[in-house]
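Encoded as structure tokens, the structure appears first; notes follow it.
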There are 2 protein chains.
Amino acid sequence: MTSAEILQQHGIRPSLTRVMIYDYLREHRTHPTADEIYTALSPNAPTLSKTTVYNTMKLLSAEGVIKTITIEEQQARFDACIDTHGHFLCKDCGKVFDFDTELPSMKIPEGFSPTVTEIYCIGRCKSCN
Amino acid sequence: MTSAEILQQHGIRPSLTRVMIYDYLREHRTHPTADEIYTALSPNAPTLSKTTVYNTMKLLSAEGVIKTITIEEQQARFDACIDTHGHFLCKDCGKVFDFDTELPSMKIPEGFSPTVTEIYCIGRCKSCN
DNA sequence: TAATAACTTTGTAATCAATACAATTTATAA
DNA sequence: TTATAAATTGTATTGATTACAAAGTTATTA
């Protein structure tokens with residue numbers, strides 16, 4: 001499915017800018033920061049504003065199109081893959097890796113309604129070990 | 001076990017300041033921010049510096065005495081309970097709740113060595129529902 | 001089509017959690 | 001005591017994120 005179609009399905013108007021940003025995130029599974037997205041797209045979109053990147057990430061995240069990842073860092077990272085999977089942050093090189101995992105059996109108390117579930121680990125990656 | 005003993009077991013010299021801060025975190029299971037800890041302790045420790053709170057949280061977290069929680073917020077929260085449990089962030093009231101959970105069966109790739117595992121949910125809590 | 005309204009994008013300025021750093025204080029060892 | 005190491009403090013700075021208002025774009029209605 002195209003990025004534009006996915007955005008539309010979530011009630012988000014698929015402007016050129018939004019599609020470009022979402023496309024980038026779908027094609028680069030490196031869990032980039034807002035700044036990295038901005039830097040990567042700037043050469044081909046000279047009028048792009050960093051605020052727009054932030055606005056777009058916030059919108060897509062709120063609508064469940066993408067996931068916002070924050071693992072003991074000041075800067076948020078973003079992931080276009082919203083299927084269940086875990087994230088592994090290497091505290092040496094700072095990279096974030098995906099890993100397969102099941103959802104655990106969580107005893108969420110009565111009356112609590114979760115919309116997002118996240119599982120992550122911190123440690124050392126293969127290269128840094 | 002006393003806070004001083006726990007700190008010592010982790011090779012951290014149990015200064016008065018550190019014990020006071022760690023004590024507070026053990027007694028207040030509200031997942032406070034550094035600022036909240038500082039504000040709470042200031043009246044009884046007028047010379048306490050916010051930098052010291054940050055330094056202490058960083059040290060205790062690095063040594064595995066406490067857990068640092070960051071769930072799509074700019075400010076980190078801290079938890080003296082390091083047993084396996086999940087965190088639930090209510091996006092309405094902003095409070096963080098504990099919930100029981102098992103660790104899922106995670107397929108961490110060969111060569112990756114995790115030291116910390118976290119599970120959290122975002123949603124709406126009982127009071128806000 | 002033209003006018004209007006609604007939405008999107010942009011740039012600048014402001015916010016604020018966290019850190020750097022050097023000075024001061026406190027504790028330990030010789 | 002004196003010297004050395006460690007801990008604490010305050011100030012200044014950093015840097016990610018947001019606020020906000022202006023400018024630009026798209027959709028809607030007459």
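First the proteins, then the strands, lettered A, B, ... as listed; each starts at 1. Just so it is clear, the model here is predicted, and its values are computed rather than measured. For the numbers below, each heavy atom of this structure counts, side chains included, while hydrogens, waters and symmetry mates do not.
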Are the aromatic rings of Tyr120(A) and Phe88(A) close, with centres under 6.0 Å apart? no
Do the side chains of Lys67(A) and Glu118(A) get close enough for a salt bridge, i.e. N-O under 4.0 angstrom? yes
I'd like to know if Asp98(A) pairs up with Arg29(A) as an ion pair, taking the criterion as any Lys NZ or Arg NE/NH1/NH2 lying under 4.0 Å from an Asp or Glu carboxylate oxygen. no
Rounding to a whole Å, what distance do you find between Tyr22(A):OH and dT8(C):P? 17 Å
Nearest whole angstrom, please: distance from the C1' of dC20(D) to the NZ of Lys58(A). 14 Å
Nucleotide by nucleotide, 5' to 3', does protein get under 4.0 Å of the base (B), only the sugar-phosphate (S), or neither (-) in nucleotides 9-17 of chain C, counting heavy atoms? SBBB----S
Whole-Å gap separating C1' (dT17(D)) and CD1 (Ile37(A)): 14 Å
On DNA chain C, compare the nucleotides closest to Thr33(B) and Arg13(B); which residue's is nearer the 5' end? Thr33(B)
Quick one: does NZ or CZ of Arg18(A) land under 6.0 Å from the six-membered ring centre of Tyr22(A), within 45 degrees of the ring axis? no
Glu73(B) CD to dA18(C) C1', straight-line distance once rounded to whole Å: 15 Å
May I have the distance from Leu59(B) (atom CG) to dA6(D) (atom P), rounded to whole angstrom? 13 Å
Measure from CG on Leu7(A) to P on dT8(C) and round the result to the nearest Å. 11 Å
Describe, in one word, how the ring planes of His28(B) and Tyr24(B) are oriented to each other, choosing from parallel (under 30°), tilted (30 to 60°) and perpendicular (over 60°). parallel
Closest non-hydrogen contact found for Gly94(A) with Arg77(A) is O-NH2, 4.0 Å
